[in-house]
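Quick notes on the structure that follows.
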Amino acid sequence: MQITSDQFNRLSAAALSNEQLRTAFSRASSGFIDKRKAAIARITNFDELRTSAAAIKDHTLAQLDYYLEQFSEQARANGAQVHLARDGEELNSLVIDLAKRHNVRQINKGKSMVSEETRLNQALRQANMEVTETDLGEYILQLAEEQPSHIIAPAIHKTREEIAALFHKRHGKGYKEEAAELVEEARRILRKTYLSATMGITGANFLIAENGAMMLVTNEGNGDLCASLPPIHLVVTGIEKVIPSMKDAFALLRLLTNSATGQAITSYVTVIRAPARKDDSDGPTQLHYILLDNGRSKIRQSKYRSILRCIRCGACLNHCPVYSAVGGHSYGSVYPGPLGAVLTPLLADRKKAAELPNASSFCGRCEQVCPVAIPLVELMRQLRNDQHKENSLGQGWGIAIYMKIARSSFSYRLFIAALRVWLRLANRFPPILAIAKVLPPLRAWTEWRQLPQPQNNDSYRFK
Amino acid sequence: MVAQQAIIPRVALFVTCIVELLRPSVITASIKLLTDAHYRVVIPPRQTCCGQPGYNSGNRAAARSLAARTIRLLQPYERVILPSGSCAAMIINHYPKLFSDETADEAMKEQAERLAAKTHELTSFLVHSSSPKTGKATATSSLGYHHSCSCLRELNIKDEPLQLLQRRCRIDAKPLKETCCGFGGVFCIKYPRISTRMADDKLNEALNLGVTTLTSADMGCLVQLAGRARKCRHPLSFYHISEVLSGQWREPSLGSI
C-alpha cells in the first residue's frame, strides 16, 4: 500500500493553520459524535452487543481459512466467481484482465476502501478504462483529484462552498450553492453513467460464508445501481470481511450503522447472492469476487490480529482529538485516525508509517466507542514497543535515562532536586532557558507553553 | 494506646513524580484528606516513578523493572493511594499486563494483581471507602473541573471528584467537555502543535464558561493547561483537586513564578 505518512508532521502543521479545514471539520465531526451518542443511547444493551460482536469476529478470524473456503464454495454454487488476490498489484491486474476479456471500457464504482488501498482507479485509467465514482463524496474527490480523508465520509474535509465552486468549474452548469441543488446536479450526471457502464465495481460490508452472499449498505443507493445495472458486477473487498452467518451479519450491521452515522439502519441494505438467473428480467449476468489479502493473513497471525475485527464504521476517527485537529490527509494513508495508526504500519512500510502510532495522546476515546471493542490504545502501544526494540537508543533516550534514574531512590531524588533548581533558574533568568533550548524536548515545550515552576514548599521531605 | 492504634486503618501514599517535582502541597493536602477520613497515612520512603513514561513510549522493559521495584516496595501495605488518575491506572490496569505478555512471569503477575486490587486513586477512594467530611461553603471564583482521560476512561471515575467538591466545599464545579487536554506524556513534546491546539480548545471552553479556576485529579493535565494559559496570559488559576478539597487554594496557583 502506497503511503505518504512520513510527511505527517509537515501535513499536520499545514492542516492546523488551515481555517477552512477547521470549519469543515468542526461542523461534520461534532455532527457524527452527537448522532452516534443519540443512537447508542437508544440501544439498551450496547456493551453486550459489542462483546458478542467482538467474539463473532474473533471466532471467524481464528478460522478464517475455513470460512473463506465455505464462502467461496457457496458463492460458486450460486453462480459467482471467486478470486483471491495476494496483494494490490495482483488485484489490479485481475480487475484489468476481467475488464479486457469482456471489452469493458466504462466502469462505475461504489465506495471501496480496498480499491483505494490498491490504487485501482489509477491502474484502470492507465489501462485506458474510464472510471466514474458514484458515491457522492468519492465523486467530488474524483473531480477535485484528491484522496479521501475519512473512511465513510470521504469528502468531509470539503466545505459546501468549495464543492459549489468545484461543480461550477467542472460541470459548467452555472453556480449553485444550495446542498439540494448540488446533489441534484451530481445525481443527473451520474445517472447517465449507470446506464452506459459495462462493469460495476463495489465493495462489500460483509461476506457471508453460510450462503455465499454479500451485504452492501449505502444511503445513496449508488452501490445498488452499480451492482444491478451493468452486465458485470465485481466485488472487491478484504478477506477479513467474511463472517459465518446472516444472523451474525445483521448483528454487526446494527452496530455499524449506529456507530457510523447514528442511523438505526441505512437507506439501503442489499444482500446479493448470485448473478441474474434465466428468468430474471434484469441484473448482471456475471458476479465476481476478488478478495484481497495484502498482508491481512500476516496480521491475523500476529499480536495485532484484533485490528481485523474492524467493520469500518469510522467512529474512532470521529472521536479522535488528533484526527479532528489535523484531518485525514495528514496521515498520508487511505486509513487515517486511530484505525489507520494501527493498520497503516501493518499493511504498508512500517518505517514510513512510524509517526502514526506515536501521534496519539492515548486519551482512549477511540477504543471506548469502537463497536467491536478493538483495544486500539494497546495496539498502538505495542507498535511503539516494536519501534523501540528496533531502534535502541536512537530515540527515547531521554525517557530511558529517566527510567534508569528512577530505579534508585538516591539518584532519583538527586535528579529531582537538580531539576527543581534548574527550573527555578530557567524561569528567572532567560539566558539559562535559552541555552537549554538546544534540547528538542525543552524547545518543543517552551515554544508553546511556559516552563513549569516548582512550588516553594518544603512541607514534605523524602528520605 | 496500642489497641487504639490497631483500629486506625493504614494507607500508603504514592505521591508520583510530577507532584514531588512541582507541587508538594498535593502531598500535605492528600494526607489531610485521608486523615480526615480516619486513615493513618504512611509514605513509603524509597518510592520513585511507576514506570508509565517508559510504558507508553514503548520501553516496556524499563517499565517492567520499575513496576517490579514498585510492587516490591508497596507489598507491605494494605492500601495504596495515588493523587493521580494516570499513575493509579498504570498500577491498577497495566501492571498485570506488563507481566502477562511475551515475558509471562506468573509469580510477578500474581503480585501485580494483588497490588492492583489494593490500589486506588485518591478521589474515588475518598468517596467509596469513607464518608467524607461535610464542609462549609468556600468563597469561590467560578471553579471548572477537567476530567483527565485516565480517570474517565481507564478508571471510570467521573462523578466522584464533583461529588467531593459538592460535599466538602459546597461548590458545583463546572465540568468541561470530556475531551483530552493534549498532555499525553511524551505526546505533548513530540507533537507540540497538535497538543497546543487541544489545550487551546480546552482553555477557550473554560473561558467561555466563565471559569476562573480550573482543577483536576491529574497533575499532567494541569501542568499542560497551566503552562499554555500562562503563555497566553489567560486569567485562570490552576489547582490540584486535593488542594481545593483541603482548602489549600490560597497558595499561589500552579504556574505562578
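Note on naming: letters A, B, ... go to the chains in the order of the sequence lines (proteins, then strands), and numbering restarts at 1 for each one. Computed from a predicted structure; not experimentally measured.
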> Relative to chain B, which of A/E355, A/R424, A/R428, A/M380 shows the most heavy atom pairs under 4.5 Å?
Replying inline: A/E355

>> Tell me whether the count of non-hydrogen atoms from other residues, nucleotides or ligands lying under 6.0 Å of NZ in B/K231 goes above 12.
In response: yes

>> Looking at chain B, which one of A/A325, A/P441, A/A15 has the largest number of heavy-atom pairs inside 4.5 Å, strictly under?
In response: A/P441

>> Need one label for B/R197: side chain, backbone, both or neither, based on atoms under 4.5 Å from any heavy atom in chain A.
In response: side chain

> Measuring heavy-atom distances to chain B, does A/L16 have an atom under 4.5 Å in its side chain, in its backbone, in both, or in neither?
Replying inline: both

>> Heavy-atom count check: over 12 atoms from other residues, nucleotides or ligands less than 6.0 Å from B/R193 CZ?
In response: no

> Short question: side chain of A/S306, backbone of A/I374 - any donor-acceptor pair under 3.5 Å?
Replying inline: no

>> Within the supplied structure, the quantity of interest is the number of heavy atoms (other residues, nucleotides, ligands) at a distance under 6.0 Å from A/E48 CD; does it exceed 12?
In response: no

> Picking from B/C181, B/P53, B/C232, B/A226, which has the most non-hydrogen pairs under 4.5 angstrom with chain A?
Replying inline: B/P53

> A/S408 versus chain B, heavy atoms under 4.5 Å apart: side chain, backbone, both or neither?
Replying inline: backbone

>> Using every non-hydrogen atom in the two residues, find where A/L433 and A/A426 come nearest and quote the distance to one decimal.
In response: CB-O, 3.7 Å

>> Assess whether a salt bridge exists between B/E178 and A/R365, defined as any Lys/Arg side-chain N lying under 4.0 Å from an Asp/Glu carboxylate O.
In response: no

> Considering only heavy atoms, which portion of A/D386 lies under 4.5 Å from any heavy atom of chain B: side chain, backbone, both, or neither?
Replying inline: neither

>> Can you confirm whether A/R407 sits close enough to B/T48 that some side-chain heavy atom of one is under 4.5 Å from a side-chain heavy atom of the other?
In response: no

> For the candidates A/R384, A/Q450, A/Q453, which exhibits the highest count of non-hydrogen atom pairs separated by less than 4.5 Å from chain B?
Replying inline: A/Q450

>> Shorter than 4.5 Å, heavy atoms on both sides: which option in A/A444, A/C363, A/G364, A/P454 has the most such pairs with chain B?
In response: A/C363

> Among B/A62, B/C188, B/G255, B/G184, who wins on heavy-atom pairs under 4.5 Å with chain A?
Replying inline: B/C188

>> Give me the atom names and distance for the closest heavy-atom approach of A/V322 to A/Y331.
In response: CG1-OH, 3.7 Å

> chain B: which of A/N358, A/L419, A/V326 shares the most heavy-atom pairs with it under 4.5 Å?
Replying inline: A/N358

> So which part of A/L423 gets closer than 4.5 Å to some heavy atom of chain B, the side chain, the backbone, both or neither?
Replying inline: side chain

> What closest approach, in Å, do A/F32 and A/H150 show between heavy atoms, and which atom pair accounts for it?
Replying inline: CE1-NE2, 4.2 Å

> Is any side-chain heavy atom of B/M198 less than 4.5 Å from a side-chain heavy atom of B/I194?
Replying inline: yes

> What are the residues of residues 63-74 of chain B, in order of number, with any heavy atom under 4.5 angstrom from a heavy atom of chain A?
Replying inline: B/S65, B/L66, B/R69

>> Quick check on the interface: out of A/K303, A/R443, A/E378, who has the most heavy-atom pairs with chain B under 4.5 Å?
In response: A/E378

> Got a sec: does the NZ of A/K37 have more than 12 other heavy atoms crowding it under 6.0 Å?
Replying inline: no

> Considering only heavy atoms, which portion of A/F8 lies under 4.5 Å from any heavy atom of chain B: side chain, backbone, both, or neither?
Replying inline: side chain

>> Taking atom NZ as the centre, does A/K35 end up with more than 12 heavy-atom neighbours from other residues, nucleotides or ligands that are less than 6.0 angstrom away?
In response: no

> Do B/S256 and A/Q455 have side-chain heavy atoms sitting under 4.5 Å apart?
Replying inline: no

